[in-house]
Structure formats: structure tokens, C-alpha cells
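Source: prediction; values computed, not measured. These values consider heavy atoms only, across backbone and side chains, with no hydrogens, waters or symmetry-generated copies.
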Amino acid sequence: MGHLQLRCFISVLAISLLFSSFLASNQAVADTSDSWEFHIAPYAWLAGLDGSVATLPGLPPADIDIDFYDDILGNINGAFMLVGEARKGRFGITMDLVYTDIETDSAIPGQNFTTLTSQTTNWIVSAAGFYRMMANDQAFIDGLAGVRYWSADSELTLSGGPASSYAIDNSEDWFDPIIGVKGLTRLGESRFCVICFLLIGGFGAGSDFLWDVNANLGYQWGEIFSTTIGYRYLDVDYEDDGF
């Protein structure tokens with residue numbers, strides 16, 4: 001049984017360049033011209049990890065609970081996030097790349113082992129096409145559909161006792177269809193805006209179900225640069241042959 005949740009996201013410069021031109025002027029928000037627009041931005045996801053992963057056959061799954069607000073900086077081995085978009089008129093494509101490598105140690109009762117080390121590595125690559133369903137001087141809403149690729153590797157190592165250390169490795173990758181909406185609205189005539197998206201998917205094709213929601217507050221510093229800070233909750237429920 002595998003139920004994996006990535007939760008609690010704070011982004012700094014998260015979608016800074018992706019939405020910059022939309023905020024630069026009132027006309028840019030509603031722009032549906034035939035010229036191509038390209039946007040790309042790295043972002044930081046201070047992600048916690050909460051869920052359960054399989055161990056040995058016949059034994060219960062192991063729980064993983066790492067809070068981003070007090071654990072993640074000491075437990076993250078590496079991370080990389082990048083989002084990009086290309087749009088022409090009302091049509092466009094978007095991609096989102098997430099890589100995380102999180103490791104934590106916890107004490108366990110037992111005669112043979114005293115420490116459980118959990119290392120979880122995830123790749124999440126999303127690609128989708130979108131259509132601008134509504135646009136005016138203050139806001140836009142896009143409908144999107146695409147696919148999300150997952151690669152999850154969970155390694156549990158038992159150590160610290162009289163017995164030799166023992167490692168259990170579970171790896172899996174799969175594809176999920178995704179659908180959703182994303183949008184932006186300016187806050188009056190100010191340089192601030194609210195940016196949100198909601199995705200659902202899986203539907204039994206890969207995972208049983210996934211949902212991904214994000215809300216950001218953005219500020220436009222100039223014509224080509226903006227910053228955002230926000231919260232993201234991503235949940236996926238996937239099982240396959242004991243994983």
C-alpha cells in the first residue's frame with residue numbers, strides 16, 4: 001500500500017518571470033494576439049512529506065512525517081523546481097518540473113535495530129496544453145489538460161543494533177492524466193495580483209486519484225520582473241503490487 005503526500009509549499013520568486021508580462025499593463029492581461037510569448041522561472045518549494053511506504057511483504061507500511069517548517073532544511077539532500085509556458089493567442093502549453101530528495105532518521109524500538117533512516121526521492125514532470133477561456137483587463141482563466149509523470153523511490157535503512165544494517169528499496173514510476181484550471185486577477189490598480197491553479201487527475205489510469213492546488217500573492221516590480229509567495233498542497237494515492 002502506498003499513499004504519498006507532498007504538502008505545505010512556500011515559494012520565493014516562485015512564478016516570478018512566468019506571470020511578469022501579464023501584470024505589466026492592463027492590455028497584457030487580456031492579450032490574445034498571434035505573437036508568441038515565452039515565460040520561464042525557477043522556484044523554491046519548501047516541501048514537507050507525509051505518508052506511508054511499503055516495507056517487507058507481510059509487514060505494515062512505514063509512516064513518514066517531515067514538517068517543512070521545522071524539519072525540512074535539515075533533511076533535504078537536494079531539490080530543483082522549474083516552470084515554463086509558451087502561448088500564442090488563446091492557446092498555449094505549460095510544463096512544471098519538480099525534483100526532491102528528502103532524508104530523515106528516527107529512533108525505533110527493537111532488539112536488532114534502533115534507527116530507521118528514510119530517504120525519499122521524487123520526480124514530478126507535468127506537461128499540459130491550455131486554452132484561455134476568459135480574459136479582460138483585470139483577470140484571465142485558462143482551462144488545461146495534459147499528463148503528469150511520477151518517479152518515486154523510497155529507501156528504508158534499519159541500523160544501529162547488533163544486527164547488520166538492512167535496506168529496503170521501493171521504486172515505481174507511472175503516468176497520470178490531469179485536467180484543471182489556472183487564473184490570475186489583479187487587485188485593483190495596484191501592482192499586486194492573486195495567482196491560483198487547481199488540478200485533478202489519475203482516475204485509475206496510473207494513481208487512483210491526485211489533486212494539486214496552489215494559491216500565490218504576486219507583486220510586479222517592473223515590466224519584466226515579478227515575485228510571488230504562496231502555498232501548495234499536492235496529494236497522490238497510488239498502489240501497485242505492494243508498493
Side-chain angles (χ1 to χ4, degrees), residues 4-24 36-49 66 68 72-73 75-88 91-103 120-130 132 140 142 144-153 173-184 193-201 206-207 210-236:
L4 180 64
Q5 295 177 313
L6 295 174
R7 61 188 176 93
C8 299
F9 153 99
I10 293 181
S11 63
V12 180
L13 307 182
I15 314 178
S16 57
L17 301 181
L18 178 61
F19 290 100
S20 60
S21 67
F22 296 134
L23 304 177
W36 279 99
E37 292 185 6
F38 300 94
H39 312 279
I40 189 169
Y43 62 94
W45 185 356
L46 305 182
L49 184 65
I66 306 173
F68 84 96
I72 194 61
L73 293 180
N75 292 318
I76 191 164
N77 294 331
F80 177 77
M81 296 89 181
L82 184 71
V83 65
E85 180 179 300
R87 181 175 67 89
K88 184 177 182 181
F91 294 92
I93 56 174
T94 183
M95 293 192 67
D96 186 11
L97 172 65
V98 176
Y99 167 78
T100 58
D101 183 352
I102 300 172
E103 184 175 349
T120 304
T121 304
N122 293 289
W123 283 94
I124 307 171
V125 183
S126 306
F130 66 86
R132 182 135 302 172
F140 68 78
D142 296 339
L144 59 88
V147 64
R148 174 168 290 178
Y149 168 75
W150 304 80
S151 175
D153 183 271
D173 62 297
W174 68 94
F175 290 88
D176 281 327
I178 53 173
I179 58 174
V181 293
K182 64 183 179 73
L184 176 150
C193 70
V194 175
I195 307 160
C196 300
F197 71 72
L198 171 64
L199 299 174
I200 60 173
S207 64
L210 74 91
W211 62 282
D212 189 355
V213 61
N214 173 238
N216 288 275
L217 177 66
Y219 184 80
Q220 184 74 29
W221 300 95
E223 290 189 359
I224 61 170
F225 185 72
S226 62
T227 58
T228 69
I229 185 168
Y231 180 89
R232 183 176 184 178
Y233 192 109
L234 167 60
D235 184 287
V236 59

Are any of the side-chain heavy atoms of [X] and [Y] separated by less than 4.5 Å?
{"X": "C196", "Y": "L198", "result": "no"}
{"X": "I124", "Y": "L234", "result": "yes"}
{"X": "M81", "Y": "T100", "result": "yes"}
{"X": "L144", "Y": "F197", "result": "no"}

Query raised in the report: Where the side chain of N216 meets the backbone of Y231, is there a donor-acceptor pair that is under 3.5 Å apart?
Result: no

Query raised in the report: How are the rings of W123 and Y99 set to each other: parallel, tilted or perpendicular (split at 30° and 60°)?
Result: tilted

Query raised in the report: Going by the angle between their ring planes, with limits at 30° and 60°, are W150 and W174 parallel, tilted or perpendicular?
Result: parallel

Could you grab the distance from atom [atom1] of [X] to atom [atom2] of [Y], nearest 0.5 Å is fine?
{"X": "L199", "Y": "W211", "atom1": "CG", "atom2": "CH2", "result": "11.5 Å"}
{"X": "F140", "Y": "I195", "atom1": "CZ", "atom2": "CD1", "result": "7.5 Å"}
{"X": "E85", "Y": "H39", "atom1": "CD", "atom2": "NE2", "result": "5.5 Å"}
{"X": "L217", "Y": "I229", "atom1": "CG", "atom2": "CD1", "result": "8.5 Å"}

**Report entry** W221: side-chain hydrogen bond (donor to acceptor under 3.5 Å, both in side chains) partners, not counting sequence neighbours
**Finding:** T227

Heavy-atom closest contact ([X] atom, [Y] atom, distance):
{"X": "S126", "Y": "I178", "result": "CB-CD1, 4.4 Å"}
{"X": "L184", "Y": "C193", "result": "CD1-SG, 4.1 Å"}
{"X": "G218", "Y": "T228", "result": "CA-CG2, 3.7 Å"}

Query - Which residues share a ring pair (Phe, Tyr, Trp, His ring centres under 6.0 Å) with F80, sequence neighbours left out - result: none

Query - Partner of R148 by side chain to side chain donor-acceptor pair (under 3.5 Å), out of D176, D212, D96 - result: D212

